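Every value quoted in this text rests on a predicted model; they were computed, and no experiment measured them. Proteins come first, then strands; the chains are lettered A, B, ... in the order of their sequence lines, and each starts at number 1.
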2 protein chains.
Amino acid sequence: MSNVKALPLLEPEAHEAVAPCCPPLTERPFTAEEAERTARMFKALGDPVRLRLFSAVASAEAGEACVCDISDVGVSQPTVSHHLKKLKEAGLLTSERRGTWVYYRVEPSVLAAMSKLLTTTATP
Amino acid sequence: MSNVKALPLLEPEAHEAVAPCCPPLTERPFTAEEAERTARMFKALGDPVRLRLFSAVASAEAGEACVCDISDVGVSQPTVSHHLKKLKEAGLLTSERRGTWVYYRVEPSVLAAMSKLLTTTATP
DNA sequence: TCCCTGGTTCGACATGTGTCAACATAGACG
DNA sequence: CGTCTATGTTGACACATGTCGAACCAGGGA
């Protein structure tokens with residue numbers, strides 16, 4: 001449960017879904033609980049708009065992106081905000097307000113954790 | 001729609017979603033088209049029941065699993081069938097009938113492709 | 001041949017989800 | 001203080017999705 005304590009603002013909700021997740025999908029059949037937890041992350045990335053937002057943040061130079069820089073994804077501004085919230089709730093992004101703007105960054109452990117889920121146990 | 005009369009031909013739909021997909025999420029912001037294609041796969045895994053089914057198939061000894069071996073996931077059998085169909089449509093699974101039973105296996109390229117999506121561009 | 005078992009499809013329903021317009025809030029700046 | 005700009009929240013609505021029971025198809029034996 002306790003992983004990275006660096007940032008000043010810590011969402012308790014967000015931490016639930018993150019790193020301490022599950023074995024690779026190919027290792028053994030998932031239990032209901034594991035599936036529930038893991039599905040939340042996949043579901044968060046299962047929407048084109050969210051995927052574009054996440055990709056925009058993940059590929060940002062400084063490791064973070066202002067909402068104003070990534071909100072050109074073809075939907076209204078409230079909708080962008082809604083999707084960013086979903087990504088935050090899923091533990092994939094964190095946000096921080098600095099002055100006028102709000103910056104989003106990728107929760108560091110997430111990418112590695114999800115990638116590990118998809119690795120094959122048999123390595124040729 | 002069109003399925004009953006289909007000979008051992010390959011569904012063109014299924015192939016669309018598979019391997020030749022997209023760069024890592026962290027490389028650059030996804031285009032709308034890339035996001036649309038990729039989101040389909042994540043969405044397919046974004047349901048707990050489907051995740052359990054997929055995991056059951058992916059972790060099966062013989063590389064394949066009979067429906068009867070994996071349908072104990074807490075929902076009715078028609079629902080299992082429905083989810084397996086979704087996974088097939090997303091290009092994640094393939095199915096084959098042998099005698100009385102129907103066997104599902106993981107589309108080989110999928111796991112590697114999705115894993116690659118989640119790798120960080122910096123590869124040490 | 002008839003029936004039984006494994007799987008899929010159909011029809012219907014409740015719930016969830018994406019979307020927008022309108023409103024609310026938080027700083028910056030005069 | 002007042003106002004402007006950048007985000008988030010609310011309410012409403014259309015549409016997609018998960019679920020089940022019933023009906024349906026495919027093989028394998030008796």
Side-chain angles (χ1 to χ4, degrees), chain A residues 8-9 11 13-14 32 35-36 39-54 56-57 64-90 92-105, chain B residues 1-8 11 13-14 32 35-36 39-54 56-57 64-90 92-105:
Chain A
L9 297 175
E11 265 67 289
E13 278 270 329
E36 201 79 44
R40 239 173 280 155
M41 298 193 298
F42 283 115
K43 192 178 209 170
L45 294 180
D47 177 274
V49 172
R50 280 198 294 271
L51 206 47
R52 289 185 73 182
L53 290 171
F54 184 83
V57 173
E64 65 180 10
C66 168
V67 175
C68 56
D69 289 331
I70 61 178
S71 36
D72 188 21
V73 287
V75 295
S76 72
Q77 196 275 328
T79 302
V80 168
S81 188
H82 166 73
H83 283 305
L84 287 172
K85 186 181 181 182
K86 282 283 190 80
L87 287 167
K88 224 168 74 174
E89 286 172 352
L92 302 184
L93 293 180
T94 61
S95 70
E96 183 193 359
R97 169 161 227 134
R98 280 209 301 282
T100 307
W101 295 279
V102 176
Y103 294 87
Y104 280 80
R105 51 175 59 234
Chain B
M1 314 306 178
S2 61
N3 41 10
V4 182
K5 276 298 179 183
L7 288 185
E11 336 287 35
E13 278 270 330
E36 201 81 44
R40 240 174 280 156
M41 298 193 297
F42 282 116
K43 192 180 209 170
L45 294 179
D47 177 274
V49 174
R50 280 199 293 272
L51 206 48
R52 290 186 72 184
L53 291 171
F54 184 83
V57 173
E64 66 181 8
C66 167
V67 175
C68 54
D69 290 331
I70 61 178
S71 38
D72 188 22
V73 288
V75 295
S76 72
Q77 205 272 335
T79 303
V80 168
S81 190
H82 167 73
H83 284 304
L84 286 172
K85 186 179 181 183
K86 281 284 190 77
L87 287 167
K88 224 167 75 173
E89 286 171 354
L92 302 184
L93 294 181
T94 60
S95 72
E96 182 194 357
R97 169 163 227 133
R98 280 208 301 281
T100 306
W101 294 280
V102 176
Y103 294 86
Y104 281 80
R105 52 174 59 238

Item checked: Atom pair distance, as rounded to whole Å: CZ in B:R98 and P in C:dG7 -> 12 Å
Polar-atom pairs under 3.5 Å, protein N or O versus N or O of nucleotides 13-23 of chain C: list them with distances, or write none.
from   : atom 1 : to    : atom 2 : distance (Å)
C:dT17 : OP1    : A:K43 : NZ     : 2.8
C:dG18 : OP1    : A:R50 : NH1    : 3.3
C:dG18 : OP1    : A:R50 : NH2    : 2.9
C:dG18 : OP2    : A:R50 : NH1    : 3.4
C:dG18 : OP2    : A:K86 : NZ     : 2.9
C:dT19 : OP2    : A:H83 : NE2    : 2.5
C:dC20 : OP2    : A:S76 : N      : 2.7
C:dC20 : OP2    : A:S76 : OG     : 2.9
C:dC20 : OP2    : A:T79 : OG1    : 2.8

Next item on the list: Apply salt bridge (Lys or Arg N to Asp or Glu O under 4.0 Å) to B:E96 and list each qualifying residue two or more places apart in sequence or on a separate chain.
Entry: B:R98
Can you give the donor-acceptor pairs under 3.5 Å from side chains of residues 74-87 of chain A to other protein atoms, not counting sequence neighbours?
from  : atom 1 : to    : atom 2 : distance (Å)
A:S76 : OG     : A:T79 : OG1    : 3.0
A:H83 : ND1    : A:R50 : NH1    : 3.1

Return all side-chain donor-acceptor pairs below 3.5 angstrom for residues 65-73 of chain B, not counting sequence neighbours, or 'none' if the list is empty.
from  : atom 1 : to    : atom 2 : distance (Å)
B:S71 : OG     : B:V67 : O      : 2.9

Margin query: Can you see if the side chain of B:Y104 gets near the phosphate of C:dT8 - specifically, an N or O under 4.0 Å from OP1 or OP2?
Written below: yes
Next item on the list: Return the value, rounded to whole Å, for the distance between atom CZ of B:R52 and atom P of D:dT19.
Entry: 12 Å
Check: Rounded to the nearest Å, what distance is computed from the CD atom of residue A:E96 to the P atom of nucleotide D:dG8?
Finding: 13 Å
Notebook entry, point to check: Which residues pass the salt bridge (Lys or Arg N to Asp or Glu O under 4.0 Å) test with B:R97, sequence neighbours left out?
Noted result: none
Checklist line | Nearest-Å distance for atom pair CG/P, residues A:L87 and D:dT7 | finding: 16 Å
Note to self: Could you tell me how far apart A:R97 (CZ) and D:dT7 (C1') are, to the nearest whole angstrom?
What the structure shows: 6 Å
Notebook entry, point to check: Nearest-Å distance, CG (B:L84) to P (D:dG18)?
Noted result: 13 Å
Note to self: What is the separation between atom NZ on A:K85 and atom C1' on D:dA6, rounded to the nearest whole Å?
What the structure shows: 18 Å
Margin query: Tell me the interatomic distance from A:W101, atom CH2, to D:dT5, atom C1', rounded to whole angstroms.
Written below: 9 Å
Next item on the list: Assign A:T100 to base, sugar-phosphate, or nothing according to its heavy-atom contacts below 4.0 angstrom with the strands shown.
Entry: sugar-phosphate
Next item on the list: Specify the closest pair of heavy atoms between A:M41 and A:A90, including all atoms of both residues, with the distance to one decimal.
Entry: CG-O, 4.2 Å
Next item on the list: Over all heavy atoms of both residues, which pair between B:F42 and A:L45 is shortest? Give the atoms and the distance, please.
Entry: CB-O, 3.5 Å
